[in-house]
Visitor: 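Sharing a structure with you now.
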Amino acid sequence: MIDFHFKSDFIIHNKSDYTDWINRVIVSEGFSVGQIDYVFCTDDYLLKINKEYLNHDTFTDIITFDYTDGHMLSGDIFISTDRVKENAGIFNVDFLNELRRVMSHGILHLVGFGDKTYEEKENMRAKEEEKIKMFHVEQ
């Protein structure tokens, strides 16, 4: 099950489109859907989580907590919509495109993709682009 929670003014109005897309992203990586919770929040909200659980005193666009069991994908994905909005401006992309990039980024972490090395970052970016394109594919 995929659930969306909102800890800021941001709201996804077409939740079913996003649920369908995330389900397809997960299945495309050979996993089954367990419990995925997206929490859309502010910079300050995510900073508190970053400090408390990861001991990092920095802003970030996403934090993913992995509860996957075998091939049953589960996790909590916290996304700062403040960061997403700022990054969309920096990279000169549409807000929703950047949001989908970050949403898919969280799923890709859950299925095992990293982003620490240059090669991992390149691979992650290619996978994000592949998954963003799936949003517009009708089933």
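Residues: numbered from 1 along the sequence shown.
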Visitor: Check the hydrophobic clustering (I, L, V, M, F, W, Y; side-chain heavy atoms under 4.5 Å; chains of links allowed) and say if Leu110 and Phe65 are grouped together.
Guide: no
Visitor: Which atom names give the shortest non-hydrogen contact between Ile36 and Ile26, and what distance separates them?
Guide: CG1-CD1, 4.1 Å
Visitor: Are any non-hydrogen side-chain atoms of Met103 and Phe40 less than 4.5 angstrom apart?
Guide: yes
Visitor: Rounded to the nearest 0.5 Å, how far does CD1 of Ile77 lie from CD1 of Ile79?
Guide: 6.5 Å
Visitor: NZ/Lys127 to OG/Ser104 distance, rounded to the nearest 0.5 angstrom?
Guide: 10.5 Å
Visitor: Should Leu99 and Val93 be counted in the same cluster of Ile, Leu, Val, Met, Phe, Trp and Tyr side chains packed under 4.5 Å apart?
Guide: no
Visitor: What verdict does the salt bridge (charged side-chain N to carboxylate O under 4.0 Å, His left out) test give for Lys48 and Asp44, after you've listed the backbone C-alpha separation in whole Å, the side-chain angles of each residue and the deciding distance to 0.1 Å?
Guide: CA-CA 6 Å; Lys48 287 178 187 175; Asp44 290 335; over 6 Å; no
Visitor: Test Ile90 against Asn87 for side-chain contact (heavy atoms from CB on, under 4.5 Å), laying out the working first.
Guide: CA-CA 5 Å; Ile90 290 169; Asn87 288 342; 4.0 Å; yes
Visitor: Give, for atom OH of Tyr45 and atom CG of Asn50, the distance between the pair rounded to the nearest 0.5 Å.
Guide: 13.5 Å
Visitor: Using every non-hydrogen atom in the two residues, find where Val39 and Lys7 come nearest and quote the distance to one decimal.
Guide: CG1-CG, 3.7 Å
Visitor: Roughly how far apart are Ile2 CD1 and Ile22 CD1, rounded to 0.5 Å?
Guide: 6.0 Å
Visitor: Quick check for you: to the nearest 0.5 Å, what is the distance between Ser32 atom OG and Asp69 atom CG?
Guide: 11.0 Å
Visitor: On a heavy-atom basis, which atom in Leu96 and which in Asp94 lie closest, and how many Å separate them?
Guide: N-OD2, 3.0 Å
Visitor: Using side-chain heavy atoms (C-beta onward) and a distance below 4.5 Å, is Leu108 in contact with Met124?
Guide: yes
Visitor: Set out, in order, the CA-CA distance, both residues' side-chain angles and the distance that settles side-chain contact (heavy atoms from CB on, under 4.5 Å) for Met1 and Val33, then state yes or no.
Guide: CA-CA 6 Å; Met1 174 177 271; Val33 180; 5.8 Å; no
Visitor: Any ion pair linking Lys131 and Glu29 (charged N to carboxylate O, less than 4.0 Å)?
Guide: yes
Visitor: Is there a donor-acceptor pair closer than 3.5 Å between any side-chain N or O of Glu86 and the backbone N or O of Asp82?
Guide: no
Visitor: Could you walk me through whether Ser80 and Asp61 pass the side-chain hydrogen bond (donor to acceptor under 3.5 Å, both in side chains) test, one step at a time?
Guide: CA-CA 5 Å; Ser80 167; Asp61 54 357; over 6 Å; no
Visitor: Which pair of heavy atoms, one from Phe135 and one from Asn14, lies closest together, and at what distance?
Guide: CZ-ND2, 4.5 Å
Visitor: With a 4.0 Å cut-off, would you call Glu98 and Arg101 a salt bridge?
Guide: yes
Visitor: Is Val84 linked to Leu46 within one hydrophobic cluster, defined over Ile, Leu, Val, Met, Phe, Trp and Tyr using a side-chain heavy-atom separation of less than 4.5 Å?
Guide: no
Visitor: Has His105 got a side-chain atom pairing as donor or acceptor with His109's backbone, closer than 3.5 angstrom?
Guide: no
Visitor: One thing to verify: whether Lys51 and Asp57 come together as a salt bridge, which I'm taking to mean a side-chain N less than 4.0 angstrom from a carboxylate O.
Guide: yes
Visitor: With distance as the sole test, does Asn23 use its side chain to make a donor-acceptor pair with the main-chain N or O of Thr19 at under 3.5 Å?
Guide: yes
Visitor: Has Asn55 got more than 12 heavy atoms of other residues, nucleotides or ligands less than 6.0 Å from its CG?
Guide: no
Visitor: Step through it carefully: locate the ring centre of Tyr53, locate the ring centre of Phe78, and say whether they are under 6.0 Å apart.
Guide: no
Visitor: Arg125 and Glu128: side-chain contact (heavy atoms from CB on, under 4.5 Å), yes or no, with the steps?
Guide: CA-CA 5 Å; Arg125 182 51 57 122; Glu128 290 167 359; 3.0 Å; yes
Visitor: I'd like to know if Leu47 and Phe10 are part of one continuous hydrophobic network [Ile/Leu/Val/Met/Phe/Trp/Tyr, side-chain heavy atoms within less than 4.5 Å].
Guide: no
Visitor: Mark yes or no for whether Glu120, through its side chain, and Thr117, through its backbone, hold a donor-acceptor pair below 3.5 Å.
Guide: yes
Visitor: Looking at Ser8 and Cys41, what are the two nearest heavy atoms and their distance?
Guide: CB-C, 4.0 Å
Visitor: Answer with yes or no whether the hydrophobic clustering places Trp21 together with Phe31; edges join I, L, V, M, F, W, Y residues whose side-chain heavy atoms lie under 4.5 Å apart.
Guide: yes
Visitor: Considering all heavy atoms of both residues, which atom of Lys15 and which atom of Phe6 are nearest to each other, and what is their separation?
Guide: CE-CE1, 3.8 Å
Visitor: Given the rule in the side-chain hydrogen bond (donor to acceptor under 3.5 Å, both in side chains) test, do Tyr67 and Asp76 qualify, once you have shown the distances and angles that lead to the verdict?
Guide: CA-CA 8 Å; Tyr67 310 121; Asp76 294 332; 3.2 Å; yes
Visitor: How far does CD1 of Ile107 sit from CG of Leu73, to the nearest 0.5 angstrom?
Guide: 5.5 Å
Visitor: Checking Arg83 side chain against Ile62 main chain: does a donor-acceptor pair fall under 3.5 Å?
Guide: no
